[in-house]
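These notes concern the structure reproduced below.
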Amino acid sequence: MSQSMFSTWPASISAPKAAVKPEQLTSTELVAFCQQRLRPERMMFAELLRRYQGHVDKLLYHLAPDWPDRADLAQEVWIRVYRNMRRLNDPAKFKGWLGRITTNLFYDELRRRKRNRATLSLDAPLALEDGSIDWDVPANAPGPVDTMMTQEFYDQLHRAIADLPEVFRTTIVLREIQGLSYEEIAEMTEVSLGTVKSRIARARQRLQTDLQPYLGN
């Protein structure tokens, strides 16, 4: 996403003082600086975007690798961040807050779409550590029936994840798609490590139940 999205911002958004250069600030300082006004200053926010744009793009790629409009979603993420910056209580937790905004926006958009599309790459299936769900796809070229069944499975997986309660959905996506550790998820979502483990276990159990017809005995 280009920083040109900010070119139409009102002229009333002033640039930071010359003595304070955005690139010289730590990310925490940069977020705190952006929170000083009702709306973040343009140059400060542009630097924040530059530092974290890749994080947003990577997360959206894992969530929706086949969506052609991921750039539009990324822009909407930053619009939401811009409008709600002052709601973040701890500037040091900006990255986790940004991840939650990105994940929630994706699922908001998913609900609005009339047709479900597969959002998980067959080259990067969900790998569950406890082995309770087998995601393996045969290496040999599948026939028409196998192709249909595989697509049906991933369509159902897509719907099952989307139907999870928000706290379970976000946790399982961060763990199984983004590959974060339990500790990182706990910090990101601002809950205890035990709560994270419980949510992941319950999400996996629900997914396994929902997908049982597609998993065999």
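Predicted, not measured: the structure shown is a model, and the values here were computed from it.
One distance of note links CD of Glu41 with CG of Leu48; it measures 13.0 Å at 0.5 Å rounding. Atoms CE and CZ, from Met85 and Arg37 in turn, are 14.0 Å apart once rounded to the nearest 0.5 Å. Ile161 contributes atom CD1, which lies 12.0 Å from atom CZ of Arg206 (distance to the nearest 0.5 angstrom). Once rounded to the nearest 0.5 Å, the distance linking OG1 of Thr28 with CG of Leu30 reads 9.5 Å. Atom NZ of Lys21 and atom CE of Met44 lie 11.5 Å apart (nearest 0.5 Å). A distance of 13.0 Å separates CH2 of Trp78 from CG of Leu105, quoted to the nearest 0.5 Å.
Ring geometry, Tyr52 versus His55: the interplanar angle exceeds 60°, so the pair is classed perpendicular (tilted spans 30 to 60°). Ring planes of Phe106 and Trp67: tilted class, angle from 30 to 60°.
Scanning for ring pair (Phe, Tyr, Trp, His ring centres under 6.0 Å) contacts around Phe168 gives an empty result, with sequence neighbours left out. With sequence neighbours excluded, no residue forms a side-chain contact (heavy atoms from CB on, under 4.5 Å) with Ala201. Remark: Asn84 pairs with Arg87 by the side chain to side chain donor-acceptor pair (under 3.5 Å) rule, at least two apart or across chains. The side-chain contact (heavy atoms from CB on, under 4.5 Å) check on Gln36 picks up Phe33, with sequence neighbours excluded. In this structure Ser198 satisfies the side-chain contact (heavy atoms from CB on, under 4.5 Å) test together with Arg202, sequence neighbours excluded. Every residue two or more places apart in sequence or in another chain that forms a side chain to side chain donor-acceptor pair (under 3.5 Å) with Arg51 is listed here: Ser27, Glu47. For Glu29, there are no salt bridge (charged side-chain N to carboxylate O under 4.0 Å, His left out) partners, not counting sequence neighbours. Every residue meeting the side-chain contact (heavy atoms from CB on, under 4.5 Å) condition with Lys58, not counting sequence neighbours, appears here in chain and number order: His62. Residues forming a salt bridge (charged side-chain N to carboxylate O under 4.0 Å, His left out) with Arg86 (at least two apart in sequence, or on another chain): none. Residues forming a side chain to side chain donor-acceptor pair (under 3.5 Å) with Glu184 (at least two apart in sequence, or on another chain): Ser181.
Residue Thr103 is tested with Thr170, Leu98, Leu60 for a side chain to side chain contact (heavy atoms under 4.5 Å, CB included); the sole match is Thr170. Test Arg199, Arg175, Lys197 against Ile185 for side chain to side chain contact (heavy atoms under 4.5 Å, CB included) and you get one pass: Arg175.
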*Under the side chain to side chain contact (heavy atoms under 4.5 Å, CB included) criterion, do Leu164 and Leu207 qualify, and how do the steps go?*
CA-CA 8 Å; Leu164 288 171; Leu207 287 175; 4.2 Å; yes

*Carefully, step by step, assess Ile172 and Arg204 under the rule side chain to side chain contact (heavy atoms under 4.5 Å, CB included).*
CA-CA 8 Å; Ile172 202 72; Arg204 288 174 174 173; 3.9 Å; yes

*Run the numbers on Trp97 and Val81 for side chain to side chain contact (heavy atoms under 4.5 Å, CB included), then give the verdict.*
CA-CA 9 Å; Trp97 181 69; Val81 170; 3.8 Å; yes

*Walk me through it: do Tyr82 and Arg42 pass the test side chain to side chain contact (heavy atoms under 4.5 Å, CB included)?*
CA-CA 10 Å; Tyr82 175 74; Arg42 179 175 177 178; over 6 Å; no

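Counting heavy atoms from C-beta outward, Pro22 and Arg50 have side chains that stay 4.5 Å or more apart.
Annotation for Cys34 and Phe45: closest pair SG-N, 3.9 Å, computed over non-hydrogen atoms. Of all heavy-atom pairs spanning Leu59 and Gly99, the tightest one is CD2-O, 3.7 Å.
No more than 12 heavy atoms of other residues, nucleotides or ligands shown are found within 6.0 angstrom of CD on Gln205. Within 6.0 Å of atom CD in Glu187, 12 or fewer heavy atoms from other residues, nucleotides or ligands are found, so the atom counts as exposed in its surroundings.
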